[in-house]
Visitor: 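Starting off with a structure, shown below.
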Amino acid sequence: MSHHLVSAADLRFAYPDGTEALRGVSFVIHHGESVGLVGANGAGKSTLLLHLAGALLPTSGQVRVGDWPVTASTLPQIRRSLGLVFQDADDQLFMPTVGDDVAFGPLNLGLPPAEVDRCVAAALERVGAAHLRDRPSHRLSGGEKRLAAIAAVLSSSPDILVMDEPSANLDPAARRRILSLLRSFEHTKIVASHDLDLVLDVCARTIVLHEGRVAADGPSAEILADARLLEPVRLEPPLRLQACPRCGGAAR
Amino acid sequence: MAGLESALAHLGSIEALAARATPVHRLDPRAKLLTTGAFLATVVSFGPRQVIPLLPLALYPVALGALGDVPARPVLARLALASPFVLLVAIWNPLLDRAPALAIGGLVVSGGWLSFASILLRFCLTLGAALVLVAVTGFDATCAALGRLGAPRILVEQLLLLHRYLFVLVDEAARLLRAHALRAPEARRPGLRVAGSMLGQLLLRTLARAQRIHRAMLCRGFDGVLRRRGALRLRAVDLAFTGGWCAFFALARAVDLPRLLGGLALGAGR
């Protein structure tokens with residue numbers, strides 16, 4: 001099942017204004033792995049995610065998704081196997097209704113109408129948002145928009161799910177819902193987030209980015225508990241790994 | 001700022017009416033669009049000084065609104081909102097054209113006032129019909145109908161995306177204005193220099209968002225064609241709707257119905 005493998009080899013990218021966002025990033029992610037991508041603001045997380053989906057192409061180095069190197073000519077194959085959920089759901093929900101949006105990917109894959117309807121119903125059901133099908137996207141709450149955006153990506157049946165800040169701007173209940181949803185997915189997952197508690201819950205492995213380079217890569221339980229590793233890269237251990245502020249007792 | 005946000009809410013309120021399920025809502029959007037198109041063509045084909053012969057045409061938007069359960073208030077409110085532009089155009093006619101054109105009893109009405117009334121009436125009929133059309137069809141279904149009737153694909157897609165992101169844009173503008181109001185409590189509105197840079201900000205944010213949306217579309221396999229679900233189906237009742245109304249428009253155009261009815265009433269009275 002090599003088509004579930006994601007790798008980057010000495011990936012470098014500079015924006016047109018000269019800002020170097022990625023300065024030699026390398027990693028290999030295997031089938032079924034769940035990987036957290038963490039780093040301070042400007043560490044290069046979002047830029048890296050855009051490279052995985054081929055929305056940006058590297059200045060040098062290579063990204064591979066499955067059997068394909070990510071290049072302009074392989075984009076259709078890449079985008080069939082990898083689904084990217086954007087940070088701002090408003091960027092992603094551009095169709096008039098939620099149902100139209102969830103149908104967008106399957107329609108572009110050329111599926112017959114009955115199959116498209118089945119995909120839409122299944123994806124909405126999967127995220128518990130079947131009741132939102134006929135609602136206009138701009139009238140949803142933040143949590144509902146996030147669910148719709150995830151359903152919109154799931155409907156194309158990608159093998160690899162890539163998410164940019166899935167818990168940003170959500171209330172605790174909506175965050176909890178997204179969290180249990182993420183845990184229930186069996187896809188290969190790559191989750192970029194500042195919510196280190198979520199990363200600890202969802203991802204077995206964590207890659208720490210700092211100034212466009214990989215600063216650490218290993219089991220989440222070890223990396224996220226290592227305050228001395230996290231401090232220089234402007235991060236802190238997840239709240240539940242920190243000592244209790246009231247009694248001073250150590251966390252679990 | 002509040003004005004901007006309430007305008008946005010109003011914009012959505014007409015659209016929200018399209019979710020109702022009356023027989024008019026169930027008609028094929030193409031039938032309603034074509035009929036409204038024929039209605040608009042009929043209204044604008046009347047002469048510049050014709051007022052009374054136009055009146056029977058009001059039946060179409062009124063009947064469509066009544067059958068579609070569209071409340072009058074939001075439609076009238078939007079007519080009032082747009083009316084200053086039309087008044088500005090029409091108000092010159094009574095000043096420029098003072099030749100008497102009509103005498104009603106002892107009252108002599110100049111050609112200018114007649115054309116003034118005709119412009120206002122046409123404005124109410126055309127915009128009213130368009131608003132009622134959106135209220136009983138929905139903007140998206142109207143766009144889908146436009147596409148199916150052969151309107152250029154790029155135009156239909158632009159309209160759809162414009163409608164979708166109008167809300168996001170106004171939201172963004174409202175946030176900018178609110179940020180300004182909070183830090184400049186004395187100023188009622190931004191000065192020219194500040195307004196310029198705010199507009200620039202809005203443009204840059206819009207461009208950045210457009211780029212992100214385009215990326216999101218590409219990531220889900222967009223190849224330049226916006227595909228939609230659901231097929232439209234023309235039924236006999238749709239054809240009857242369009243045919244019936246078009247026949248009425250043709251009759252109203254060919255025959256001066258008010259004069260005819262007046263004549264009949266007078267004839268019957270004698």
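Throughout, protein chains are lettered first and strands after them, A, B, ... in sequence-line order, and every chain is numbered starting at 1.
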Visitor: Would you indicate whether A:E125, at its atom CD, is surrounded by more than 12 heavy atoms from other residues, nucleotides or ligands within a distance under 6.0 Å?
Guide: no
Visitor: Is any side-chain heavy atom of A:M95 less than 4.5 Å from a side-chain heavy atom of B:D140?
Guide: no
Visitor: When you look at CZ of A:R133, are more than 12 heavy atoms from neighbouring residues, nucleotides or ligands closer to it than 6.0 Å?
Guide: no
Visitor: Does A:R80, at its CZ atom, have more than 12 non-hydrogen atoms belonging to other residues, nucleotides or ligands within less than 6.0 Å?
Guide: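 Incorrect, the count does not exceed 12.
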Visitor: Which atoms of B:L161 are under 4.5 Å from chain A, going by heavy atoms: the side chain, the backbone, both sets, or neither?
Guide: side chain
Visitor: Tell me whether the count of non-hydrogen atoms from other residues, nucleotides or ligands lying under 6.0 Å of CG in A:N169 goes above 12.
Guide: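 Atom CG in A:N169 is not packed in, count stays at 12 or less.
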Visitor: Which answer fits A:L84, side chain, backbone, both or neither, if we ask what part of it has an atom under 4.5 Å from a heavy atom of chain B?
Guide: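 For A:L84, side-chain heavy atoms alone lie under 4.5 Å from chain B.
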Visitor: Quick check: are there more than 12 heavy atoms from other residues, nucleotides or ligands sitting under 6.0 Å from CZ of B:R20?
Guide: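 Check passes, neighbour count above 12.
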Visitor: Answer with side chain, backbone, both or neither: which region of A:I78 has an atom nearer than 4.5 Å to a non-hydrogen atom of chain B?
Guide: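 The answer is neither part of A:I78.
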Visitor: Between B:R209 and A:D88, does at least one N-O distance fall below 4.0 Å, as a salt bridge requires?
Guide: yes
Visitor: At a 4.5 Å cut-off on heavy atoms, which part of A:P96 comes close to chain B: side chain, backbone, both, or neither?
Guide: both
Visitor: Looking at CG of A:D91 and OH of B:Y165, how far apart are the two atoms once the value is rounded to the nearest 0.5 Å?
Guide: 6.5 Å
Visitor: With distance as the sole test, does B:R164 use its side chain to make a donor-acceptor pair with the main-chain N or O of A:P136 at under 3.5 Å?
Guide: no
Visitor: Relative to chain B, which of A:L75, A:V85, A:L56, A:L107 shows the most heavy atom pairs under 4.5 Å?
Guide: A:L107
Visitor: Nearest 0.5 angstrom please: B:H163 NE2 to A:H138 NE2, how far?
Guide: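 Answer for the NE2-NE2 pair, B:H163 versus A:H138, is 6.0 Å.
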Visitor: Would you mind checking which part of A:L50 comes under 4.5 Å of any heavy atom in chain B, side chain (CB onward), backbone (N, CA, C, O), both or neither?
Guide: side chain
Visitor: Would B:R220 and A:D101 count as a salt bridge (Lys or Arg N to Asp or Glu O under 4.0 Å) if you check the C-alpha gap in whole Å, the side-chain angles of each, and the deciding distance to 0.1 Å?
Guide: CA-CA 10 Å; B:R220 288 199 279 151; A:D101 223 296; 2.7 Å; yes
Visitor: CG of B:L204: more than 12 outside heavy atoms within 6.0 angstrom?
Guide: yes
Visitor: Could you look at A:F94 and say if it's the side chain, the backbone, both or neither that has a heavy atom under 4.5 Å from chain B?
Guide: both
Visitor: If you tally heavy-atom pairs under 4.5 Å against chain B, which of A:A53, A:G99, A:A55, A:G54 wins?
Guide: A:G99
Visitor: Could you check whether any side-chain heavy atom of A:N108 comes within less than 4.5 Å of a side-chain heavy atom of B:R227, counting everything from C-beta outward?
Guide: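 Sidechains of B:R227 and A:N108: in contact.
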